[in-house]
S.K.: 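Have a look at this one before I ask anything.
Side-chain atoms are counted along with the backbone in the values below, which use heavy atoms only and exclude waters and symmetry mates.
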Amino acid sequence: MGSRSLLLFLALFPLAACVSTPLNEAQAPKFRQDGLDTAKAESLANSPAMLTNLINEAAKGTWGAVDSLLILKDNKLVLESYFRGNQWDKPHELRSLTKSLLSAGYGAAVSLKLIPSVDVSVYEVFEHASRFDNPHPEKRLMTFAHVMTMTAGLACEDMSSPTNPCGSRLFASTMPWQSKLEIPIWQRALNLPLANMPGTVFAYNDAAPVIIDGLLSGLAHRETTDFLRMVLFRPMKIGDRSSLFRLTSRDLIKFGQLYLSGGAWNGKRLLPKSWVEESTSVKWQFAGMPPGTGYGYFWWISGVDINGKREKIFYALGNGGQAIFVVPTLQLVFVTTATNFDRYDLFRGPLEMLKQFVIPAFSAQLTTPK
């Protein structure tokens, strides 16, 4: 390659890396017969130009390595934009967003009467499977509600340590491979010492989803992904390339719509409405935050001001910029995927997009809560 060609290539390369699917306000996202209806952005947005601005900012790298942006309004997909070579049918790594899928799986298990409720003792359910290290009488007070609200009390407080020692013990243990096979990951989680009385301290951690994954696979006598395929994925036309840990952006927007619709998908009941309401209501209120700001069953709950009134939102989050925001007042779901893994300076990116561009595009006025 000549020097002049090389300079031209280097000049164009940064632009090519940020190529996105542009927003055409006069054209709906492509209809793909996957259960999602589509509509033109201009038909449902009060200010479609805000969506164009959103895409432009994402393409510029304002929020780092954004991979996709999707918006569903009134049960119709009105925005679908991909960046950095990502595609509509390419599953994306979810990280902690998986927790919200596990919450849905638990709700399905309750509906199928595989387990009675969230108030069952964790160690009594697993007692038949194995004995556990670090026995403590108060461990028997731990319920699955405690696990899914991050208040189980196990010594696994990942957010308080940048090195994530608990996660390292669970997922990247120094024990020999043979020992890993002999001690399943859910047992390693239940082997942890008890640090706090169950239900008394919120500690976001990696042990909680491991326990629910172990429960669901045990109850269903199959891998949790296979269970989710049976009860949720296939009825929602989520393909077999997707899994508990990887979904396409369209899969994520479907999952948000399922919860926005109270557990129904295109008229078919997949989750009990009561479970959707319970899992997305505050079970742990964050101190010093506005009322209604907290954590449910593997869902975050907060509020935004829409047209002068604070309205509830709930959302699923994953390290790197994976997010599903559900805004019931606007009948809206907003999905982002990104690969900003461990970039905590960009952690608020998805929420900033929602507040600064998405909500203003579909409401007459937005005042950001202080």
S.K.: How close do Pro116 and Val110 get, counting heavy atoms only, and between which atoms?
M.R.: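 Minimum heavy-atom separation between Pro116 and Val110: O-CG1, 3.9 Å.
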S.K.: Kindly state each residue pair satisfying side chain to side chain donor-acceptor pair (under 3.5 Å) with at least one member in residues 96-116, sequence neighbours excluded.
M.R.: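 Listed once each, the pairs are Ser96-Lys99, Ser96-Tyr204, Lys99-Tyr204.
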S.K.: Among Glu93, Arg84, Gln322, His92, whose side chain to side chain donor-acceptor pair (under 3.5 Å) with Thr339 holds?
M.R.: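 Going through Glu93, Arg84, Gln322, His92 one by one, the side chain to side chain donor-acceptor pair (under 3.5 Å) with Thr339 is satisfied by Arg84 alone.
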S.K.: Can you say whether the rings of Phe144 and Phe126 are parallel (under 30°), tilted (30 to 60°) or perpendicular (over 60°)?
M.R.: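 Taking Phe126 first and then Phe144, their aromatic rings sit tilted (interplane angle of 30° to 60°).
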S.K.: Relative to each other, are the rings of Trp300 and Tyr315 parallel, tilted or perpendicular (30° and 60° limits)?
M.R.: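 Plane angle under 30°, so parallel.
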S.K.: Could you check whether the rings of Tyr295 and Phe298 sit parallel, tilted or perpendicular, using 30° and 60° as the cut-offs?
M.R.: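 If you compare the ring of Tyr295 with that of Phe298, the planes turn out perpendicular.
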S.K.: Does the side chain of Ser68 come under 3.5 Å of the side chain of Asn86 through a donor N or O and an acceptor N or O?
M.R.: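 On atom types as modelled, these side chains do not qualify, holding no pair under 3.5 Å.
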S.K.: Taking ring-ring contact (aromatic ring centres under 6.0 Å, His included) as the criterion, tell me which of Tyr259, Trp275, Phe314 meets it with Tyr297.
M.R.: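 Exactly one option meets the ring-ring contact (aromatic ring centres under 6.0 Å, His included) with Tyr297, and it is Trp275.
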S.K.: For Asp240 and Arg229, work out which heavy atoms get closest and say how close.
M.R.: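 Of all heavy-atom pairs spanning Asp240 and Arg229, the closest is O-NH2, 2.9 Å.
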S.K.: Please tell me if the side chains of Leu228 and Ile238 come closer than 4.5 Å, counting only heavy atoms from C-beta onward.
M.R.: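 They are not in contact (no side-chain heavy atoms under 4.5 Å apart), so the answer is no.
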S.K.: If we count only N and O atoms by modelled type, under 3.5 Å, do the side chains of Asn75 and Gln257 hold a donor and an acceptor together?
M.R.: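 Indeed, the side chains of Asn75 and Gln257 share at least one donor-acceptor pair under 3.5 Å.
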S.K.: So Glu57 and Lys60, do their side chains get closer than 4.5 Å, heavy atoms only?
M.R.: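 Sidechains of Glu57 and Lys60: in contact.
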S.K.: Could you check whether any side-chain heavy atom of Val333 comes within less than 4.5 Å of a side-chain heavy atom of Lys254, counting everything from C-beta outward?
M.R.: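 Val333 vs Lys254: side chains apart.
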S.K.: Show me the pairs that pass ring pair (Phe, Tyr, Trp, His ring centres under 6.0 Å) and involve residues 207-235, at least two apart or across chains.
M.R.: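 Matches after skipping sequence neighbours: none remain.
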S.K.: Verify the distance criterion only: is there a donor paired with an acceptor across the side chains of Glu352 and Trp63 at less than 3.5 Å?
M.R.: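 Checked: Glu352/Trp63 side chains pair up, N/O donor to acceptor below 3.5 Å.
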S.K.: Answer with yes or no whether the side chains of Glu277 and Ser281 bring together a donor and an acceptor at under 3.5 Å.
M.R.: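 No, because no side-chain N or O of Ser281 sits under 3.5 Å from a partner of the opposite role on Glu277.
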S.K.: Going by heavy atoms in the side chains, are Asn319 and Asp342 under 4.5 Å from each other?
M.R.: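 Asn319 vs Asp342: side chains touch.
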